[in-house]
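A quick write-up on the structure given underneath.
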Amino acid sequence: MKATGIVRRIDDLGRVVIPKEIRRTMRIREGDPLEIFTEKDGEVVFKKYSPVGELSPFAVQYADVLSRACNMTVLICDRDHVIAAAGGNRKDFYERRVSAQLDEVMESRQVYVTHAGATNRVQPVESVNRFASVAAPIIAAGDVTGIVCLLQPESGTVPSEGDVRLAQVAAAFLGKQMEE
């Protein structure tokens, strides 16, 4: 664990403020759920809770089936990281942070689809030079919890209407799974 040198006091209601710099660095937004852990030596640890992460084993299988159906690399991400990948060189994507561009797609709550000759391509994962073909936000109980992303093939072909629908169905299905 890394010390920050920041000390905060607990107020009379038991609240503690997480400094803005840490919230920005860790991408903690207002309303984000945090899971609380305690250690025997008295440590209290806050960890971002990922409802999509709870579905990780299931998401891996879903990504694999989706990848085979559309013949593209598929990423399933929570708000911060890739939690499942299938097809192509999937090992390059596991546990990588999502890019600011993909975060904007999630925030928009709209399905992103690339078009022929597009100049505003979305690089979904930091430090990996691949681009999204389709990205469909996962929405559960009215909140964006992640995204299903089909990566553009090396050939650069645009996605079919069927690919777009598959991504939308996958995102809707995963959202429903989190609501139950």
Side-chain angles (χ1 to χ4, degrees), residues 1-60 62-63 74-85 90-112 120-132 134-151 167 170-180:
M1 198 171 323
K2 187 171 126 181
T4 63
I6 300 170
V7 176
R8 296 284 195 224
R9 294 201 183 278
I10 295 176
D11 72 9
D12 57 342
L13 295 177
R15 297 176 296 197
V16 63
V17 174
I18 300 171
K20 187 175 187 175
E21 306 81 36
I22 292 175
R23 292 193 318 262
R24 188 178 321 121
T25 303
M26 301 305 295
R27 293 183 177 181
I28 298 172
R29 299 168 190 84
E30 182 179 328
D32 280 355
L34 299 176
E35 195 167 8
I36 303 170
F37 296 90
T38 58
E39 298 288 336
K40 290 179 184 175
D41 61 359
E43 290 182 9
V44 177
V45 178
F46 291 91
K47 182 178 177 186
K48 285 185 71 174
Y49 175 73
S50 169
V52 178
E54 295 290 317
L55 294 176
S56 186
F58 178 72
V60 169
Y62 202 105
V74 174
L75 307 178
I76 299 175
C77 309
D78 63 13
R79 292 297 306 256
D80 298 303
H81 296 92
V82 176
I83 62 153
R90 63 179 181 247
K91 293 176 188 167
D92 293 345
F93 298 102
Y94 274 112
E95 296 298 317
R96 296 272 186 158
R97 286 181 72 112
V98 300
S99 69
Q101 291 174 307
L102 195 63
D103 193 50
E104 287 176 18
V105 173
M106 283 188 261
E107 286 297 320
S108 76
R109 297 171 168 257
Q110 300 295 313
V111 175
Y112 166 84
N120 61 338
R121 300 189 308 170
V122 172
Q123 183 178 350
V125 180
E126 292 179 354
S127 305
V128 179
N129 197 26
R130 294 284 305 273
F131 297 96
V134 180
I138 300 169
I139 299 173
D143 295 324
V144 176
T145 57
I147 197 159
V148 174
C149 186
L150 308 181
L151 297 186
F173 180 77
L174 290 169
K176 287 289 185 192
Q177 289 298 307
M178 284 183 278
E179 290 176 356
E180 293 180 5

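Residues that satisfy the salt bridge (charged side-chain N to carboxylate O under 4.0 Å, His left out) test with K47, not counting sequence neighbours, are absent from this structure. With sequence neighbours left out, the salt bridge (charged side-chain N to carboxylate O under 4.0 Å, His left out) criterion links D80 to K48. Partners of D92 according to the side chain to side chain donor-acceptor pair (under 3.5 Å) rule, which considers only residues two or more places apart in sequence or in another chain, are N89. Shown here are the salt bridge (charged side-chain N to carboxylate O under 4.0 Å, His left out) partners of D11, two or more places apart in sequence or in another chain: R15. In this structure, the ring-ring contact (aromatic ring centres under 6.0 Å, His included) partners of F173, at least two apart in sequence or on a different chain, are F58, Y62.
Between the side chain of Q101 and the backbone N or O of R121 there is at least one donor-acceptor pair closer than 3.5 Å.
Here the closest heavy-atom approach between residue I6 and residue P19 is recorded as CG2-CG, 3.6 Å. Counting all heavy atoms, side chain and backbone alike, R8 lies closest to V16 at CB-CG2, 3.6 Å. When every heavy atom of A171 is checked against every heavy atom of P137, the shortest pair comes out as CB-O, 3.3 Å. Nearest approach of C77 to I138, heavy atoms of both residues: O-CD1, 4.3 Å. Between F93 and V82, the shortest heavy-atom contact is O-CB, 3.2 Å. For the residue pair A140 and T145, the shortest heavy atom distance occurs at CB-CG2, 4.1 Å.
Separating the CD1 atom in I28 from the CD1 atom in I18 is a distance of 5.0 Å, to the nearest 0.5 Å. Within the model, atoms CD of E179 and CG of D143 stand 9.5 Å from one another, a figure rounded to the nearest 0.5 Å. The distance from the CG atom of L174 to the CD1 atom of I147 is 12.0 Å, given to the nearest 0.5 Å. Within the model, atoms CZ of R79 and CG of D103 stand 5.5 Å from one another, a figure rounded to the nearest 0.5 Å. Atom CE of M178 is separated from atom CG of D78 by 9.5 Å, given to the nearest 0.5 angstrom.
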Give every donor-acceptor pair under 3.5 Å between a side-chain atom in residues 123-132 and any protein atom, sequence neighbours left out.
from : atom 1 : to   : atom 2 : distance (Å)
Q123 : NE2    : V128 : O      : 2.8
E126 : OE2    : R27  : NH2    : 3.2
R130 : NH2    : Q152 : O      : 3.0

Working note: V134 + Y112, criterion side-chain contact (heavy atoms from CB on, under 4.5 Å); need CA distance, chi angles, decisive distance, verdict. CA-CA 5 Å; V134 180; Y112 166 84; over 6 Å; no
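Contact annotation: the side chain of V98 approaches that of M106 to within less than 4.5 Å [non-hydrogen atoms, C-beta and beyond].
In this structure, R109 places its CZ atom where more than 12 heavy-atom neighbours from other residues, nucleotides or ligands lie under 6.0 Å away.
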